[in-house]
Amino acid sequence: MAIDISTSICGVRLANPVIPASGTFGFGLELAGSLGLDRLGGISLKGTTLEPRFGNPTPRIAECRGGLLNSVGLQNPGVEALVSEKVPALRKVYGGCVIANLSGFSLEEYERCAGIADGCEGIDLLEINVSCPNVHGGGLAFGTDPANAAAVTAAVKAVTHKPVIVKLSPNVTDIVSIARACEDAGADGLTLVNTFLGMRIDITRRRPVLANRMGGFSGPAIFPVALRMVHQVSKACSVPVIGCGGISRAEDVVEMAMAGASAVQVGSENLRNPFVCIEIIDRLPALLEELGASSFKEIIGCV
Amino acid sequence: MERRVLTVAENRIVAARTHRLVLEGGGLPTVAPGQFVQLEVEGFYLRRPISVCDCSEDSITLIYKEVGEGTRSLASLAEGSCADLLLPLGTGYRLPLKPESVLLVGGGLGAAPLHLLCKALKEAGCSMRVVLGFNTAADIVLRDEYKALGVEPEIVTLDGSEGAKGLVTDLLSCCPSMDSSSACKQEGLSQEGSGAKAERFYTCGPLPMMRAVCGMLTIPGQASLEERMGCGAGFCYGCTIHTASGPARVCADGPVFDKEDIIWQ
């Protein structure tokens, strides 16, 4: 019997649960010539802001054992270019779930950005980034306080008819309280987690490796922490959770699902192996069968 | 871009801390001059971008220097073992539309991508002057490979241990038929021997060298830039720099840029 690996997030059906995470797959089109985009359950597009941004100076990437740090700093062409150029171009080659990842530096910016994205037919879901550690005075500042996270969620919900997912930061004392605040404010789903604030020092030059000094740490090393947070939040909240953090193989996807994730996002691993999402999708049915499951949905939250 | 697992046919020292890595496999995609590969290195999370020195349908040659932990690990890659790489990556050198007289200026391992370029320019019927600069005689690489292409590279070393002493720019400013560097600027470069002027230049090497070369030559030219990369394939935006044409990803929009586009730091 064929194993059904489809899933759904906030009423949107996904052919499979694998979504490249925002910031690790560009706007999708960058990879259209190299791999079969249509195989992907969804694509979370690069973080977008109201105005175009260059981002941070280089070096923006540092390596470490078990992962990497980035301080890209939300380089993007702005939400107008997203809806008029990036999404329509992607839609010509991709029929799956398109997730626009939006960020801002004030409530008003989040609101205006979401309002513009709301008018774009090609976007299925809005993912609100309240957790970017690489920009000052925005992003993360909204994601580390329950009241602020709730305020952003409510503001975005008020200007869109599309389902709203809030992407949470792991750089908090109690992620459950933030998750609950977002759910109470109307979030239709939650993505857990964004990167951990980290740093590397070049010992020969006695200075930080990253030009921005600090950056977001991601990769296989964060997987157990992300999994724990997905587990805690999915038990405490009733909205669907997208598991994200250190996923690099089909086994990790199954673990995330068992912890409560309805779908997953694969991030850093794309930088090592741009074909990893496809490889995971290829492997998933056989793995589920080996584990005695008849579908992906069946294992969601079983632990 | 493809992901390929190739066999290490050769990984040996060819100059001071400098290795030649030859990887073999069938039906390799075409790599254009100036393009690079992302090579997986045992024990390290990110791949290492390395420019391509030579390639054919069934082999690819890379030259790398042991500069850090990653390249040290690469040096221990045994012949017969496997290497996982992504290729081809980046936007390489733009070849002239018709045969021209061209100047190639390399510094250190910059000689490597220029070798593949030299091969392509030769096939395109271009005449060439190749100037290569190294710190010292022990660092010199690829001289025989250039000779095999019918080009005698002019060598300059910083310490004078081989060839002329000084910088590549010293050779460029000493054109046989010119009195000074300002004359070169106005007239273009004289090609040694023939006296034909170079109509275009290509450079790869340390940033200060390329900045000086681009600054002194008035003919059209391109330089290959380096930046710390993440994906190496244009989708993580980890290596974006400012250019005269706007933000550009060194890995995908480059690494080769027109000199007019480069904003020197």
Side-chain angles (χ1 to χ4, degrees), chain A residues 20-35 43 45-47 52-77 202 204 209-211 215 217-221 248 267-276 278-279, chain B residues 1-5 29 35 37-49 67-73 84-91 207 225-255 262-263 265:
Chain A
S22 180
T24 67
F25 212 74
F27 294 94
L29 273 179
E30 292 89 337
L31 281 155
S34 301
L35 52 89
I43 300 176
L45 306 181
K46 182 151 177 47
R53 282 178 57 85
F54 173 78
N56 290 322
T58 55
R60 295 173 169 186
I61 302 282
E63 195 180 27
C64 64
R65 288 176 193 269
L68 65 101
L69 287 84
N70 89 83
S71 59
V72 171
L74 291 173
Q75 180 187 342
N76 78 91
D202 180 334
T204 60
V209 173
L210 295 170
F217 168 43
S218 57
S248 60
S268 303
E269 198 65 17
N270 291 308
L271 273 61
R272 277 171 54 78
N273 174 14
F275 304 95
V276 68
I278 306 292
E279 289 167 12
Chain B
M1 171 187 57
E2 294 178 24
R3 182 183 180 193
R4 299 293 294 266
V5 177
Q35 287 190 306
V37 302
Q38 278 272 65
L39 188 58
E40 196 171 277
V41 183
E42 175 82 34
F44 292 85
Y45 191 70
L46 292 173
R47 291 168 185 266
R48 295 294 184 272
V67 288
E69 292 175 311
T71 40
R72 265 203 295 282
S73 168
D84 182 320
L85 62 165
L86 302 174
L87 80 167
L89 297 168
T91 304
L207 196 80
L225 302 183
E226 259 188 352
E227 190 51 74
R228 196 178 284 259
M229 292 176 188
C231 68
F235 58 87
C236 85
Y237 292 76
C239 61
T240 306
I241 56 165
H242 288 286
T243 72
S245 317
R249 299 157 300 172
V250 171
C251 73
D253 303 308
I262 300 169
I263 299 170
Q265 299 299 321

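In the text below, chain A, chain B and the rest are named by the order of the sequence lines, each starting its count at 1. Please read these numbers as outputs of a predicted model, since none were measured by experiment.
Residue A/Thr204: no heavy atom, backbone or side chain, is found under 4.5 Å from chain B. Both the backbone and the side chain of A/Leu68 come within less than 4.5 Å of a heavy atom of chain B. B/Leu46 touches chain A through backbone and side chain together, each having a heavy atom under 4.5 Å away. Heavy-atom distances place the side chain of B/Glu40, and not its backbone, under 4.5 Å from chain A. Within the 4.5 angstrom heavy-atom criterion, atoms from both the backbone and the side chain of B/Arg3 approach chain A. Residue A/Asn76 does not touch chain B at all, counting heavy-atom pairs closer than 4.5 Å.
In terms of heavy-atom pairs under 4.5 Å with chain B, the best-connected choice from A/Lys46, A/Glu269, A/Arg272, A/Glu30 is A/Arg272. Counting heavy-atom pairs under 4.5 Å between each of B/Cys236, B/Ala233, B/Gly234 and chain A puts B/Cys236 at the top. For the options A/Ala62, A/Gly26, A/Gly28, heavy-atom pairs under 4.5 Å to chain B are most numerous at A/Gly26. Comparing A/Glu63, A/Gln75, A/Arg65 by how many heavy-atom pairs each has under 4.5 Å with chain B, the most go to A/Glu63.
A distance-only check finds no donor-acceptor pair linking the side chain of B/Glu227 to the backbone of B/Pro255 [under 3.5 Å].
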For this session: Kindly indicate, with the supporting measurements, whether the criterion side-chain contact (heavy atoms from CB on, under 4.5 Å) is fulfilled by B/Leu225 and B/Leu207.
Result: CA-CA 7 Å; B/Leu225 302 183; B/Leu207 196 80; 4.2 Å; yes

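Annotation: the span from A/Phe275 atom CZ to B/Leu86 atom CG amounts to 6.5 Å, rounded to 0.5 Å.
Take B/Arg228 and apply the side chain to side chain donor-acceptor pair (under 3.5 Å) test, not counting sequence neighbours, and it matches no residue.
For residues 238-245 of chain B, heavy-atom neighbours of chain A at less than 4.5 Å comprise B/Gly238, B/Cys239, B/Thr240, B/Ile241, B/His242, sorted by residue number.
Cation-pi contact between A/Arg60 and A/Phe54: present, with separation from the ring centre below 6.0 Å and deviation from the ring axis of at most 45°.
Each salt bridge (Lys or Arg N to Asp or Glu O under 4.0 Å) pair with one or both residues in residues 232-247 of chain B, not counting sequence neighbours, would appear here, but there are none. Sorted by first and then second residue, the salt bridge (Lys or Arg N to Asp or Glu O under 4.0 Å) pairs involving residues 237-250 of chain B (not counting sequence neighbours) are B/Arg249-B/Asp253.
No more than 12 heavy-atom neighbours from other residues, nucleotides or ligands sit within 6.0 angstrom of CD on B/Glu226.
The two residues A/Asn270 and B/Phe235 have their closest heavy-atom pair at O-CZ, 3.3 Å. Scanning all heavy atoms of the two residues, the minimum distance from A/Cys64 to A/Leu69 falls at SG-CD1, 4.0 Å.
With salt bridges taken as basic N to acidic carboxylate O contacts below 4.0 Å, none links B/Arg72 and B/Glu69.
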